[in-house]
Amino acid sequence: MMKERIRIDFSNLLSDAVGEEGLDLADWERGRPRAERILWQLQKERAEGKHPFLDLPYRRPDEVLRVAEGLRGKFDPLVILGIGGSSLGAQAIMEALFHPFFRFQRKAGDGGPEVLILDNVDPGSVSYALKRANRGDPLILAISKSGTTVETLSQLLAFLDLLRKRWPKGWKERVVVITDPERGPLRRFAEKEGIKALPVPPGVGGRFSVMTAVGLLPAALVGVDVEELLLGAVEMDRAMKEEGWNPSLFSAFAHYYLHVQKGKGNWVTLPYSDSLRGISAWRRQLIGESLGKKRDLAPTPLTAVGTTDQHSQLQLWLDGPRDKVIAFLTIEAHPEVSIPDVGWEDEDVSYLQGKDFASLLEAERKATEFALTKGGCPNYTIFLKELTASVLGGLFYLWEVEVALCGSFYGVNPFDQPAVEEGKKVTKGLMGKGDMKGKREEWESWWKGRRSWRWPG
Ligand code: PA5
């Protein structure tokens with residue numbers, strides 16, 4: 001028998017726990033035939049080859065392993081250029097499996113490279129990363145499925161300039177790209193220059209690509225066991241099929257039901273762990289870009305972290321509008337760090353002495369769960385036995401399937417993102433791209449006559 005790695009307790013979503021704010025099991029039974037048809041449809045389409053992301057965990061990551069093996073230990077820092085689905089997965093993996101104190105700057109394990117994930121064009125961040133790369137022996141990993149994303153391209157141009165000047169002969173060995181197997185400027189560039197290039201498999205969208213080279217190569221480069229990660233996802237897929245009761249389906253149904261029937265369209269991911277900030281951000285994008293498609297009905301994904309946000313948002317969740325569903329995430333195995341007994345004799349302090357930080361963290365989570373449940377706020381908890389590559393793989397898969405199923409409940413296509421295209425065109429117009437001149441003019445006439453308040457006036 002396999003050891004338990006993830007346990008999900010959905011009890012607090014139910015009306016038994018939160019009264020009329022929750023899901024009545026009779027409603028689940030009534031909705032179940034439709035839910036099961038939705039699952040059946042997804043599986044049917046999968047069999048027809050329409051959802052390649054569902055089969056990614058079954059692909060051998062040989063190419064990723066080979067490239068990582070050839071590069072490991074030969075560079076520092078690792079600079080990752082990418083945005084959205086092209087960076088959030090790698091970021092989630094690294095934040096979960098390595099020290100999570102720094103967002104864009106991480107020391108991976110003992111003696112691993114420093115990792116800089118540049119998912120913005122903030123000149124301050126770009127300049128820091130350029131300086132750090134110039135001082136070291138960098139590897140630049142440019143990730144863009146389309147190969148046309150302005151953020152990633154502009155960053156790449158800045159790094160190419162640096163590399164060419166500093167290593168006129170060896171600059172090509174310091175660049176790897178991950179992009180469409182056939183199309184786009186990144187692919188053309190890699191082919192022309194003879195630069196290592198890995199593919200994003202056709203039909204896999206950015207936010208569903210963490211189990212391709214997009215998430216796996218960065219992870220493998222810092223020593224994550226990517227085969228374990230994929231195996232975790234395979235086992236989650238099998239478990240969902242075998243048990244006859246699919247947690248992603250139940251969760252998708254419950255979220256949709258609570259939104260439509262009870263007005264709970266704000267979905268909060270609330271890990272009690274700094275290491276899971278990254279995976280919350282990853283889930284936020286997955287929900288936001290996949291399900292945000294209808295003016296009158298779309299969930300809003302939010303992130304928070306325990307215990308930090310107990311002192312920031314909990315008041316609102318408890319006394320504010322009852323419009324949220326909260327997903328707690330908790331890790332059962334933490335490093336042992338004691339709260340030592342220093343002999344401080346004060347009853348407001350002494351009860352803490354001799355305990356440990358893991359118990360305190362869990363006590364705070366339980367107390368928050370209790371207060372929210374008592375206050376009628378539906379919530380559920382995902383317990384992770386420990387934070388391993390395999391558990392992460394399982395969690396990625398669970399949530400990807402959930403969001404894909406939610407797409408059918410909401411009647412939207414979860415795999416496209418038409419609305420963000422307009423902004424991309426205007427940006428290109430404003431930056432002087434010839435065929436986007438019309439967009440620039442449109443923006444200029446829209447902008448004319450704006451007034452702003454000035455201080456001092
Ligand atoms: O999920 C998505 O499709 C998006 O978030 C993309 O990943 C993001 O826009 C980056 O696109 P690209 O990988 O083409 O650079």
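These values consider heavy atoms only, across backbone and side chains, with no hydrogens, waters or symmetry-generated copies. Sequence positions, counted from 1, serve as the residue numbers for this chain. One-based numbering, in listed order, for ligands and for the atoms of each.
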No-hydrogen, no-angle side-chain donor-acceptor test under 3.5 Å, Thr303 and Arg277: no

Residues forming a ring-ring contact (aromatic ring centres under 6.0 Å, His included) with Phe396, sequence neighbours excluded: Trp282

Qualifying side-chain hydrogen bond (donor to acceptor under 3.5 Å, both in side chains) pairs, either residue in residues 187-205, two or more places apart: Lys172-Glu193

Where at least one partner belongs to residues 257-267, residue pairs that pass side-chain hydrogen bond (donor to acceptor under 3.5 Å, both in side chains), sequence neighbours excluded: Glu21-Lys264, Asp27-Tyr257, His259-Tyr410, Asn266-Asp323

Phe328 and Tyr272 aromatic ring geometry - parallel, tilted or perpendicular at 30°/60° bounds: tilted

Those protein residues which place at least one heavy atom below 4.0 Å from ligand 1: Ile83, Gly84, Gly85, Ser86, Ser144, Lys145, Ser146, Thr149, Gly206, Arg207, Gln285, Glu289, Gln417, Lys424

For Pro77 against Arg132, the heavy-atom pair lying closest together: CD-NH1, 3.5 Å

